[in-house]
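Below is one structure, written out as structure tokens, with a few remarks after it.
The chains referred to below are lettered A, B, ... by the order of the sequence lines, with proteins before strands, and numbering in each begins at 1.
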Amino acid sequence: VQKSPFVGCEVNAFPPNKSAAVPKYVINLNLAPQDRWTQLITDKRDQLRALVSDMRNLTRGLLGDWLFNVVINNLDHLTTTLPSPYREEVEGISKASGLLVSEVTLYNIFYEVFTF
Amino acid sequence: CTSIIGQDANGKLYHGRNLDFGLFLGWNPKEHTWKVAELLKPLVVQQEWQRDGKTVYESVNYAGYVGVMTAVKKDKFTFSLDERFVMEGGYVGLLEWMLLGDHKQKWNAFITREVMEGAETYEAAKHMLSHTRLLAPVYFILGGAKPGQGTIITRWRDNFHTDDLSTKLSTSSSSSSSAWFLVETNYDQWVSPPFYDDRRTPAVHCLRAAGRANMSLPLLYNVLSTRPVLNKLTTYTSLMQVNSGEIGAWLRSCDDPCWPW
């Protein structure tokens, strides 16, 4: 790590490498919420499972066992309190990924609560 | 995160952002990377949200996240979201939701979806983002389709404490005006960023050095590639132009020497 993080303006980074472009998917809002994410999540199943597994461990480390257990034990109930169509979407992602509903909910709340 | 809205001499608006995530979440001392940031990269996708066969909006998402962090609604507005670090953070809102049954607050994931799917104008989007009670504090960076339409909405959790709505781009075409761009990282506009995480100063410096005459998507990409605006937490860079509806996203890596955040 260099001592001073800013050493000058980048002027030649554009255009980005084409291989760095991200893939594109269609999310059809006419489909039932449970089915909207099936194609995308099927394609990204393994990567999503790897991340959520890591997040579980990190969350336990950050919150400590007691608070982690309070949160994780309530995540199933938390999912039932999510408004439609998000609850159904979370359930659809769970089904397509093979992750527990509580784990998909944990993934979705991570950005909300990370500010602590 | 770093979000930038720029306005060229003709009043055309450009919006770019770096999404940085994973601070303190597993540093890999061998690879010099953050574990969560690296695990997120393969999940970055561009999503075209359609209804009745027509595009409603396009976004850049992490697969499996049902909310929206980066998006464009063609000819209407562009949007990005940056985290805001305050003591009463999202964990308080979550505990209120879970333990007290307070379900009247909106998750950012849900309000952003509602804005992208429901708001038909820049003003409507701005109103929704400004006056909805939130589960977590956040910065909403919103650009419109007309000259001068750009704002950083600094949100607390309650719906009556919204700051900085006055931060707008100038409608003047004067190149000397500093109001031809907005830069938001993860700190309030009215205070200096901390010395240990100052991405705002380099971004502002590079924008001013390039000048308004050169405002364009390539300039935004170059600024967002400048260290430490680009850092070890950066998962992707996205560029948007509202009138064309153009949006693109590219995975990022920051080779050493590179700041960890």
Side-chain angles (χ1 to χ4, degrees), chain A residues 1-2 5-17 19-30 37 40-41 43-44 46-48 50-52 54-55 57-58 62 70-71 74-75 77-78 81-83 85-86 89-90 93 97 99 104 107-116, chain B residues 25-26 35-36 39-40 42-52 56 60 63-67 83-86 89-91 93-94 97-98 103 107-110 117 135-137 201-202 205-206 209-210 218 221-223 225-228 236-237 248-252 256-260:
Chain A
V1 176
Q2 63 198 51
F6 177 58
V7 293
C9 302
E10 181 63 58
V11 293
N12 291 315
F14 191 88
N17 195 325
S19 64
V22 304
K24 186 172 179 176
Y25 288 83
V26 170
I27 305 296
N28 185 349
L29 293 167
N30 291 115
W37 301 92
L40 169 59
I41 299 304
D43 287 357
K44 296 290 183 181
D46 292 343
Q47 296 93 326
L48 185 58
L51 176 66
V52 170
D54 202 62
M55 278 185 166
N57 296 334
L58 287 166
L62 282 168
V70 169
V71 171
N74 280 283
L75 283 178
H77 171 67
L78 174 65
T81 67
L82 300 183
Y86 311 110
E89 290 186 9
V90 165
I93 292 168
S97 64
L99 290 164
V104 179
Y107 174 61
N108 271 274
I109 65 175
F110 215 74
Y111 203 84
E112 305 273 345
V113 304
F114 186 68
T115 49
F116 76 93
Chain B
L25 298 179
K35 196 171 182 185
V36 166
L39 287 168
L40 278 168
L43 291 168
V44 180
V45 292
Q46 189 172 328
Q47 294 176 181
E48 182 177 338
W49 301 72
Q50 292 185 352
R51 183 180 284 127
D52 301 328
V56 182
V60 179
Y65 178 69
V66 300
E83 272 186 301
R84 183 166 183 242
F85 306 120
V86 295
Y91 70 100
L94 183 67
W97 181 288
M98 293 173 71
H103 299 164
W107 293 40
N108 282 309
F110 308 153
E117 291 173 25
L135 188 136
T201 301
H205 172 84
C206 295
Y221 192 86
N222 284 335
V223 173
S225 302
T226 296
R227 293 168 169 84
Y236 71 81
T237 295
W250 297 269
L251 300 180
R252 302 309 304 264
D256 288 327
C258 179
W259 205 244

| task | For chain A, find which of B:Asn108, B:Thr201, B:Leu135, B:Val56 contributes the most heavy-atom pairs closer than 4.5 angstrom. | result | B:Asn108
| query | If you count heavy-atom pairs under 4.5 Å with chain B, which of A:Asn28, A:Asn74, A:Asp54 comes out on top? | reply | A:Asp54
| note | Comparing B:Leu40, B:Asp52, B:Leu94 against chain A, the one with the most heavy-atom pairs below 4.5 Å turns out to be B:Asp52
| remark: Per-residue tally against chain B (heavy atom, under 4.5 Å) across A:Val22, A:Leu75, A:Val104, A:Asn17 peaks at A:Val22
| A:Met55 CE to A:Ile109 CD1 distance, which is reported to the nearest 0.5 Å | 10.0 Å
| message | Nearest 0.5 angstrom please: B:His103 NE2 to A:Leu78 CG, how far? | response | 7.5 Å
| query | Highest number of heavy-atom pairs under 4.5 Å with chain A: which of B:Gly64, B:Pro42, B:Ala210? | reply | B:Gly64
| field | Choice from A:Val90, A:Asn108, A:Leu51 maximising heavy atom contacts with chain B below 4.5 Å | value | A:Asn108
| message | Using 0.5 Å steps for rounding, measure from the CE atom of B:Met98 to the NE2 atom of A:His77. | response | 8.0 Å
| note | If one checks every heavy atom of A:Asn12 against chain B at 4.5 Å, the contacting part turns out to be backbone
| query | So, A:Glu112 side chain and B:Trp107 main chain: donor-acceptor pair closer than 3.5 Å or not? | reply | no
| query | Measuring heavy-atom distances to chain B, does A:Asp43 have an atom under 4.5 Å in its side chain, in its backbone, in both, or in neither? | reply | neither
| said: Can you classify the ring geometry of A:Tyr86 versus B:Phe110 as parallel (below 30°), tilted (30 to 60°) or perpendicular (above 60°)? | reply: parallel
| Between A:Gly8, A:Pro85, A:Pro23, which has the largest tally of heavy atom pairs under 4.5 Å with chain B? | A:Pro23
| At a heavy-atom separation under 4.5 Å, does A:Leu48 approach chain B through its side chain, its backbone, both, or neither? | both
| field | Largest heavy-atom contact set with chain B, pairs under 4.5 Å, which of A:Pro16, A:Ala50, A:Pro15 | value | A:Pro16
| query | When only pairs under 4.5 Å are counted, which of B:Val36, B:Val66, B:Val223 shares the most heavy-atom pairs with chain A? | reply | B:Val66
| request: Would you sort out whether B:Glu117 and B:Trp49 count as a side chain to side chain donor-acceptor pair (under 3.5 Å), showing the intermediate values? | output: CA-CA 9 Å; B:Glu117 291 173 25; B:Trp49 301 72; over 6 Å; no
| message | Less than 4.5 Å apart, side chain to side chain, heavy atoms only: is that true for A:Phe6 and B:Cys206? | response | yes
| request: Verify side-chain contact (heavy atoms from CB on, under 4.5 Å) between A:Ser97 and A:Lys44, making sure each step is shown before the conclusion. | output: CA-CA 8 Å; A:Ser97 64; A:Lys44 296 290 183 181; over 6 Å; no
| note | Under 4.5 Å to a heavy atom of chain B? For A:Ile93 that would be side chain
